[in-house]
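Structure record follows, encoded as structure tokens.
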Amino acid sequence: MFKALLQPIETRIDKSIGRQNLGYILLGFLVLYFLWFPQDSSQSNYAKTVFISGFFYAILASSWALLAGIAGQFSFGHMAFMGICAYVTGLIARDGIGFLGIEGASFPTLVAILIGTIVTGLVGLVIGWLLLRLRSSYLALFTIAFSELFRIVMLTEYDYTGGSNGLSLRRLVVTSDVDAARRIEYYIMFGLLVLSLALMYWISNSRIGMFLRAMREDEEAASSLGVNVVFYKIIIFVITGMIVGLAGSVFFSDVGSERVIPEQLEILQMSLVIAYAVIGGMESLLGAAAGAFISRYLLENLRQVSLPVTITFDGGVVGLMTLLILALAVGLVGAWAENHERIKAYKMRFRSGYIVAAIVIVLLGTNITNTPSTWNTGFWRFAVFGIIMVLTLRYMRNGLLYPILQWFSGRDADLQETVSIRNDSDDDTLAEDNA
Amino acid sequence: MNFVVLWLMFAFFFAGIGAYFVPKRYRNLGLDDTNSTTGAALSGFVAGPLVGLLWYYTPKLNRIWMISLTVLSFGVLYTMFARANPDNLCVVAPYNATYLTQQSVNGIVIGSIYALMAVGLTLIYSVQGIISFAHGQLYMIGGYFSYYFLDRMSAALTNAMGTEIIVNPIWGIPVAGILVFIIGVVFERLFLRPMHEGLIERAAEYAILITFGFGFFIEYLTLAVAGPFPIRATRYLETRRFQFDRISITDDITFGPVNVIADRGVVMVIGILLIFVLLYFLQRTWTGRALRATSMDKQAAAVTGINPITMNTLAFGIGAMLAGMAGAALVPIFSWVPYLGAEMAGRSYVIVVLGGLGSVPGALFGGLIVGIVEAVGAGCHPDASKGAAYKEAFALVIFALVLLLKPTGLFGREQL
């Protein structure tokens with residue numbers, strides 16, 4: 001139905017300016033809006049901070065999309081790279097090279113950030129080299145271990161790193177005017193986002209990107225066709241590590257309360273970045289960045305939700321639901337014990353009944369009164385976010401924003417990437433498996 | 001101190017050199033290079049430049065070689081540790097045996113529960129071929145189920161009876177097990193089964209992300225429902241600790257006194273019992289045998305009338321249930337927060353990789369080894385508070401080493 005409604009508009013756009021051009025124009029307006037935003041005096045510093053953290057997470061998510069979506073390296077160590085750069089920056093800015101036991105003056109912040117980025121690149125080199133032999137699950141496990149190890153060391157060596165209080169970083173933008181400082185920080189972060197997106201787009205659209213996609217699909221085949229797998233696998237870790245490292249040190253020296261804390265390096269934080277990238281579209285850099293920005297913005301603004309009505313749940317609902325679940329469990333186990341044919345019949349008969357019963361119970365237990373209320377969403381918004389991520393993975397593997405980007409690229413009919421071919425070939429795979 | 005640091009750099013340098021060059025030599029000569037990386041790294045660590053002899057003579061690195069090299073490197077490490085920290089309780093002569101025994105006993109006690117977790121993970125891997133990244137969260141939520149069940153039951157019974165009744169936490173274990181089993185089955189049915197039916201391309205990556213996302217969801221849901229504040233269930237026993245005054249191997253070699261914290265002792269017994277039940281199930285019942293058959297060869301199993309799809313679901317459910325039961329068993333011992341799943345999950349990844357992914361004996365051994373290494377490492381660290389903080393890190397170092405040197409683990413094979 002949507003297709004039919006959109007059809008005349010689509011043809012009209014195609015005939016007049018073309019979808020791709022329309023996309024570029026919209027993107028240009030978006031960039032202009034982002035450039036104008038901090039000049040708007042009606043916006044508070046808090047709103048700017050939300051935007052800055054949105055840009056920061058956009059960098060994280062899009063570089064993870066390059067690493068995992070395009071190169072196929074499912075690394076969970078992204079936050080660790082960011083942490084390495086931030087900690088090295090902080091230590092060098094504080095002690096110079098003094099933390100190695102050598103007397104030395106401290107460095108200016110900018111130099112410290114550059115040194116930190118280079119060190120992160122070297123660490124990426126080593127990690128990439130170590131990971132050469134490891135594939136999907138093993139790679140994920142190793143990077144989890146690496147990032148946890150780093151976090152624990154940073155947490156424990158409190159003589160150097162400040163332990164759980166974190167390591168304070170010096171400000172990059174030093175002015176007494178808070179508003180001006182925030183504005184400059186905003187432009188720095190936005191510039192970083194644009195630069196890193198440009199760099200990553202260049203990588204993914206050049207020969208290197210082609211090689212990376214080939215490696216993702218089949219490493220042996222790519223290698224036998226002359227792709228230097230070792231080189232590209234290492235270089236992608238170096239590049240993405242340096243990008244997130246740079247973004248991390250800049251972010252933490254300015255907005256992130258001027259300190260980097262080990263809590264930022266937890267796997268839970270990493271999973272947020274992954275969720276942003278998945279929701280935006282893992283195989284599209286712009287999609288991942290937009291997904292991160294939008295999710296960040298929503299999560300920040302949905303801390304409190306105002307509702308026109310008050311909804312309360314009866315305590316009895318929980319009890320009834322528990323009974324229902326227990327009955328289902330007993331029934332399932334009982335049917336299982338008897339034989340497998342029974343369970344099929346059982347499922348056919350009762351599944352819809354259970355769903356109806358659950359809905360009825362919830363409706364019975366819900367009281368809606370006509371007074372306005374606010375709901376402190378707290379962790380619920382993250383839980384909902386988690387559901388969205390899982391459902392996106394299952395039903396819209398390319399991300400929620402990918403269809404829109406795909407429409408603007410104007411290639412949805414013929415020249416599609418491997419992703420969409422995969423969606424079409426579902427039936428073939430099924431047939432092959434059954435045969 | 002400086003000498004030890006220099007020596008460490010020296011040893012690691014030669015270990016690296018050995019691990020890089022010796023396998024190449026073995027491959028060039030057309031020899032079996034299975035153990036060459038590990039063997040060369042260990043010999044470089046123990047003997048420094050003498051690793052060149054290994055490169056020159058290329059002996060067949062069989063099990064005897066590997067075990068003696070491992071023992072030797074532990075010996076060297078201990079000697080160097082003693083040199084660096086002459087006052088440490090692990091080193092000073094009359095106490096060290098008892099102290100180390102005490103730490104090892106602590107390690108074995110907690111290691112049995114680690115093993116239980118890891119067996120669940122290995123069961124899922126061997127049947128489904130995926131690693132569940134939600135394992136830690138299922139463990140965590142098992143603890144919460146047990147806690148709330150005990151809390152509500154105690155309150156209800158106290159109301160009904162008129163006297164205060166505290167339900168023993170042991171009853172929470174089956175309840176948590178059943179609930180987590182249901183969660184596991186439902187998740188598998190909704191999100192993993194399409195993968196096995198061929199509806200999803202690049203299944204390995206999908207499996208990583210979907211289990212990871214599921215864990216993320218459970219963690220935040222628990223945070224939302226239960227709050228971030230620590231909870232702690234009631235204890236198993238009134239007794240605080242069991243004391244064994246003398247453990248004698250011969251008349252001359254005795255250790256003592258060795259203490260076991262009573263609740264942890266109970267947990268160890270529960271862990272061992274559950275493992276035996278699981279082994280009985282896998283070895284002696286039809287369903288267990290069907291699971292093992294599926295793990296060996298899906299198609300052959302299907303030919304003999306086993307439904308591999310059902311077995312996938314069952315394996316994930318049982319794996320999740322084991323994690324949940326481990327959580328329920330440990331909730332009276334640790335203070336429980338929604339964040340603690342990740343730590344335990346990290347530990348069980350260490351164990352399964354150390355023992356070899358998909359191997360049940362490997363998981364059991366790995367659990368004990370990791371338990372001992374953590375306890376001894378934390379107990380012997382020169383700075384006690386840092387030692388406790390580094391507890392998890394010791395296991396992770398082993399993990400990184402195993403992944404780099406011998407990714408197949410100790411008992412590496414892909415069936416149960």
Side-chain angles (χ1 to χ4, degrees), chain A residues 68 72 74 76 130 133-138 140-142 144-146 148-149 152-153 155-158 216-217 266-268 271-272 274-275 278 282 325-326 328-329 332-333 340 377-387 389-390 392-394 397 422-423 425-426 429-434, chain B residues 125 130-131 133 178-179 181-182 185 190-191 194 196-202 204-210 212-225 227-228 307 310 314 338-339 342-343 345-346 349-350 353 357 385-386 389-393 395-397 399-400 403-404 407:
Chain A
F74 274 72
F76 288 77
L130 290 178
R133 289 167 60 189
L134 305 175
R135 295 282 164 81
S136 54
S137 291
Y138 277 104
L141 288 178
F142 183 86
I144 284 183
F146 164 67
E148 278 290 285
L149 205 55
I152 293 170
V153 171
L155 193 64
T156 316
E157 292 297 329
Y158 44 78
R216 172 189 73 188
E217 295 301 326
E266 274 179 1
I267 293 295
L268 208 60
S271 53
L272 271 178
I274 294 177
V278 165
M282 231 168 59
I325 292 172
L326 277 180
L328 182 65
L332 270 179
V333 171
H340 295 296
T377 44
F379 289 108
W380 283 105
R381 62 206 158 114
F382 287 104
V384 172
F385 194 60
I387 296 182
M389 175 195 173
V390 170
T392 311
L393 267 174
R394 171 68 186 88
R397 184 77 184 283
R422 260 182 257 131
N423 284 349
S425 65
D426 283 350
T429 353
L430 188 61
E432 268 168 36
D433 276 21
N434 286 345
Chain B
Y125 182 81
I130 64 167
I131 292 177
F133 285 91
I178 291 170
L179 289 175
F181 177 80
I182 294 169
V185 166
L190 290 179
F191 293 107
H196 296 295
E197 285 168 348
L199 291 174
I200 284 156
E201 282 268 346
R202 281 198 281 155
E205 293 166 7
Y206 171 78
I208 295 175
L209 285 181
I210 198 96
F212 197 73
F214 181 55
F216 173 86
F217 164 65
I218 295 181
E219 187 152 344
Y220 275 116
L221 190 69
T222 317
L223 272 168
V225 173
N307 184 356
T310 317
L314 191 63
Y339 301 110
E343 188 188 328
Y349 302 143
V350 176
V353 171
L357 265 172
S385 64
K386 281 187 183 174
Y390 271 134
K391 201 173 170 191
E392 200 195 342
L396 290 173
V397 170
F399 182 55
L403 273 184
L404 294 174

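Lettering follows sequence order; numbering is per chain, from 1.
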Can you tell which of B:Gly215, B:Gly227, B:Ala393 has the highest number of heavy-atom pairs within less than 4.5 Å of chain A?
-> B:Ala393
Would you please indicate if the ring centroids of A:Phe76 and B:Phe133 are separated by under 6.0 Å?
-> yes
From the list A:Glu157, A:Met282, A:Glu148, the residue making the most non-hydrogen contacts under 4.5 Å with chain B is A:Glu157
Separation between CD1 of B:Ile130 and OG of A:Ser137, rounded to the nearest 0.5 Å | 8.0 Å
CG on A:Leu149 to CZ on B:Phe399, rounded to 0.5 Å = 11.0 Å
In terms of heavy-atom proximity below 4.5 Å to chain A, should B:Ile210 be classed as side chain, backbone, both, or neither?
-> both
Rounding to 0.5 Å, atoms CD1 (A:Ile152) and NZ (B:Lys386) come to a distance of 14.5 Å
Considering all heavy atoms of both residues, which atom of A:Ile274 and which atom of B:Leu209 are nearest to each other, and what is their separation?
-> CG2-CD2, 3.7 Å
Working for side chain to side chain contact (heavy atoms under 4.5 Å, CB included), residues B:Leu221 and A:Trp380 = CA-CA 7 Å; B:Leu221 190 69; A:Trp380 283 105; 3.5 Å; yes
Is any side-chain heavy atom of B:Phe216 less than 4.5 Å from a side-chain heavy atom of A:Leu272?
-> yes
Non-hydrogen atoms of chain B under 4.5 Å away: do they reach the side chain of A:Ile387, the backbone, both or neither?
-> both
Contacting moiety of B:Leu190, where chain A heavy atoms sit under 4.5 Å | backbone
Looking at CD of B:Glu219 and CD1 of A:Ile267, how far apart are the two atoms once the value is rounded to the nearest 0.5 Å?
-> 10.5 Å
Evaluate the criterion side chain to side chain contact (heavy atoms under 4.5 Å, CB included) for residue pair B:Leu357 and A:Tyr138; output intermediate values, then yes/no.
-> CA-CA 10 Å; B:Leu357 265 172; A:Tyr138 277 104; 3.3 Å; yes
Which distance, rounded to the nearest 0.5 Å, do you find between the CD of A:Glu266 and the CD of B:Glu343?
-> 10.5 Å
Name the region of B:Ala204, side chain, backbone, both or neither, that has any atom closer than 4.5 Å to a heavy atom of chain A.
-> side chain
Contact origin within B:Val350 toward chain A - heavy atom pairs under 4.5 Å = neither
